[in-house]
J.: 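First the structure, then my questions, so here it is.
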Number of protein chains: 2
Amino acid sequence: MSRARDRNTHAAADTVVPRATVARLSLYLRQLARLLRQGNQTVSSSQLGRALGITDAQVRKDLGYFGQFGYPGIGYRVPELGEAIRHILGTDRAWPVALVGVGNLGRALLGYRGFREQGFQVAALFDSDPAKVGTICEGIRVEPLDVLARVLAERGIRLAIIAVPADAAQGVADRLVVARIQGILNFAPATISLPEHVHLVGVDLTVQLEQLSFLIAGGSPAAAAEDDGS
Amino acid sequence: MSRARDRNTHAAADTVVPRATVARLSLYLRQLARLLRQGNQTVSSSQLGRALGITDAQVRKDLGYFGQFGYPGIGYRVPELGEAIRHILGTDRAWPVALVGVGNLGRALLGYRGFREQGFQVAALFDSDPAKVGTICEGIRVEPLDVLARVLAERGIRLAIIAVPADAAQGVADRLVVARIQGILNFAPATISLPEHVHLVGVDLTVQLEQLSFLIAGGSPAAAAEDDGS
DNA sequence: TAGATTGTTAATCGATTAACAATC
DNA sequence: TAGATTGTTAATCGATTAACAATC
């Protein structure tokens with residue numbers, strides 16, 4: 001379809017892509033959306049990098065893992081590169097996801113517009129609390145964990161979000177694995193272990209919070225030793 | 001006080017600690033809490049590493065940035081190491097934080113127990129929506145952004161959480177900087193830029209979600225090129 | 001003492017950056 | 001054509017792992 005796509009579009013099948021590269025792909029996509037809104041038709045690796053605080057070489061290297069998308073002397077065509085990245089990330093499709101845990105955090109995630117914008121649609125809700133089972137949130141009935149496997153299969157769900165308390169997280173993960181889940185986004189502040197073939201991405205607020213605390217509490221080993229000066 | 005603390009407890013003042021090391025410190029702390037609950041008095045670097053899926057050398061190296069906490073032949077004393085890490089992370093103190101943006105996500109964060117458990121206490125709420133200003137959430141009055149500087153100073157707040165829409169994030173960040181904030185935890189899916197001296201930790205759900213999508217959509221460059229084979 | 005385990009230095013691995021021929 | 005910018009290889013940088021003398 002697009003010119004760049006016609007060209008050599010994949011590296012060797014066994015090339016390993018660093019996680020950091022995939023994370024930056026999301027940032028490129030976000031910046032491309034902004035550029036498109038502003039009416040820019042092309043962008044160079046150095047412009048893209050400058051906006052995100054990374055080098056131009058990094059931008060080109062990241063994209064280079066997936067193919068050739070640019071035009072020497074010109075740069076990248078904004079709409080075309082956006083489409084290509086969306087395809088790489090798999091966000092050019094709709095992903096139905098299951099949300100396990102309809103507590104405080106779970107309900108907030110359910111109301112989070114960003115999910116739908118990114119092509120993720122919560123298609124099933126689960127909770128272990130009998131008082132919550134049967135209630136309706138955002139139009140979806142809360143199901144008990146027993147029917148996990150059946151519901152996932154019926155609704156073609158391959159992704160799950162865990163938003164349960166830390167001590168319940170591993171148990172839920174195990175049940176999701178049995179129900180043949182393929183990827184888990186874990187919000188519980190817990191280290192969970194999974195078989196190789198199930199992908200895990202963790203959003204650990206505790207860790208992030210402690211990072212920040214560390215940074216402002218002093219941040220250097222010396223400061224940690226010096227103690228309460230001030 | 002404790003024996004380990006008496007010994008050489010800090011590296012050279014200019015040693016740079018990798019962010020990844022700080023993140024792992026949080027995981028060590030979490031595992032130590034579990035061990036303590038189970039009644040373990042000591043733990044070795046290899047036990048700690050095995051529980052978290054990292055090498056024993058990594059554990060010792062991470063701790064080595066901050067001092068000597070172990071006992072050759074024995075390992076680490078669980079309560080003592082826990083205390084030491086809490087001190088390094090700065091979570092042995094209470095941190096009052098400001099929460100900007102009392103929407104869906106903001107209110108969920110407000111109700112999140114994990115914050116308080118980690119020593120963070122939301123001590124001020126802000127929102128730009130006049131309809132929300134003056135309302136009370138969890139016992140705290142929502143203030144307008146105009147009074148940011150005064151309220152932060154009055155309540156001794158050095159940390160802020162941004163939970164506003166993406167297009168408002170940079171503006172809020174700028175106002176926080178003017179109000180002399182020292183660290184920001186940003187939940188808005190936006191790249192924000194700050195002066196050097198203000199610390200930033202981002203929790204970017206979009207990026208995490210796209211990571212997961214990438215992993216299950218294929219994950220390899222080849223899969224991205226192969227297209228819809230399923 | 002013998003066995004276990006630390007703290008730390010050296011070796012390895014992987015990711016970022018620089019450089020530049022090829023291309024528009 | 002001259003100027004700009006890519007894709008990619010080589011050089012650099014930083015983080016992880018291995019190894020081992022010192023210590024309990």
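For clarity, every value in this text was computed on a predicted model and none was experimentally measured. The chains referred to below are lettered A, B, ... by the order of the sequence lines, with proteins before strands, and numbering in each begins at 1.
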J.: Of all the heavy-atom pairs spanning Thr191(A) and Ala51(B), show the shortest one and how long it is.
T.: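 Smallest heavy-atom distance, with atoms named: CG2-O, 4.4 Å.
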J.: Would you compute the distance between atom CD of Gln211(A) and atom CG of Leu25(B) and round it to the nearest 0.5 angstrom?
T.: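 Interatomic distance, Gln211(A) CD to Leu25(B) CG, rounded to 0.5 Å: 9.5 Å.
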J.: In whole angstrom, give the distance that lies between atom CD1 of Ile74(A) and atom C1' of dT6(D).
T.: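 Value for this atom pair: 10 Å.
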J.: Would one find a side-chain N or O of Tyr65(A) under 4.0 angstrom from OP1 or OP2 of dT16(C)?
T.: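 Tyr65(A) to dT16(C) OP1/OP2: no side-chain N or O under 4.0 Å.
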J.: Are there runs of at least three consecutive Watson-Crick or G-U pairs touching DNA chain C, with each pair's two distances under 3.5 angstrom? Give them by first number.
T.: C:3-24 with D:3-24
J.: In whole Å, what is the span from the NZ atom of Lys61(A) to the C1' atom of dG14(C)?
T.: 10 Å
J.: Would Leu52(B) and Val59(B) count as a side-chain contact (heavy atoms from CB on, under 4.5 Å) if you check the C-alpha gap in whole Å, the side-chain angles of each, and the deciding distance to 0.1 Å?
T.: CA-CA 10 Å; Leu52(B) 299 168; Val59(B) 173; over 6 Å; no
J.: Under 4.0 Å between a side-chain N/O of Gln68(B) and OP1 or OP2 of dT8(C), yes or no?
T.: yes
J.: Under 4.0 Å between a side-chain N/O of Ser45(A) and OP1 or OP2 of dT6(D), yes or no?
T.: yes
J.: Working to the nearest 0.5 angstrom, can you tell me the gap between Ile184(B) CD1 and Leu215(A) CG?
T.: 12.5 Å
J.: If you compare all heavy atoms of Glu80(A) against all heavy atoms of Phe69(A), which two are closest, and at what distance to 0.1 Å?
T.: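 Looking at all heavy atoms of both residues, the shortest contact is OE2-O, 3.8 Å.
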J.: Can you list, by residue number, the residues of residues 48-60 of chain B that have a non-hydrogen atom closer than 4.0 angstrom to DNA chain D?
T.: Thr55(B), Ala57(B), Gln58(B), Arg60(B)
J.: What is the distance, rounded to the nearest whole Å, between atom CG of Asp62(A) and atom C1' of dG7(D)?
T.: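 Rounded to the whole Å, the gap is 13 Å.
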J.: So Arg24(A), base contact, sugar-phosphate only, or nothing? Heavy-atom distance under 4.0 Å.
T.: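 The residue Arg24(A) makes sugar-phosphate contact but no base contact.
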J.: Specify the separation, in whole Å, of atom CG of Leu63(B) and atom C1' of dG7(C).
T.: 10 Å
J.: Without swapping roles, check the side chain of Gln47(A) against the backbone of Ser44(A) for a donor-acceptor pair under 3.5 Å.
T.: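 Yes, the answer is positive, given that a donor and an acceptor are paired below the 3.5 Å cut-off.
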J.: Examine dA22(C): is either OP1 or OP2 under 4.0 Å from a nitrogen or oxygen in the side chain of Tyr71(A)? Give yes or no.
T.: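 No, outside the criterion.
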J.: From C-beta outward on Tyr76(A), which listed nucleotide comes closest to its side chain: dT6(C), dA15(D), dT6(D)?
T.: dT6(D)
J.: Just compare dT6(C), dA15(D), dT23(C) and give me whichever is closest to any side-chain atom of Pro72(A).
T.: dT23(C)
J.: Walk me through it: do Asp204(A) and Arg30(B) pass the test salt bridge (Lys or Arg N to Asp or Glu O under 4.0 Å)?
T.: CA-CA 12 Å; Asp204(A) 202 319; Arg30(B) 180 183 291 165; 2.8 Å; yes
J.: Nearest whole angstrom, please: distance from the C1' of dG14(D) to the CZ of Arg19(B).
T.: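 After rounding, the gap between these two atoms is 16 Å.
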J.: Looking only at heavy atoms, which two atoms of Ile216(B) and Trp95(A) are closest? And how far apart?
T.: CD1-CZ3, 3.5 Å
J.: Please assess Ile162(A) against Leu176(A) for the test side-chain contact (heavy atoms from CB on, under 4.5 Å), listing each intermediate value before the final yes or no.
T.: CA-CA 10 Å; Ile162(A) 294 183; Leu176(A) 285 167; 3.9 Å; yes
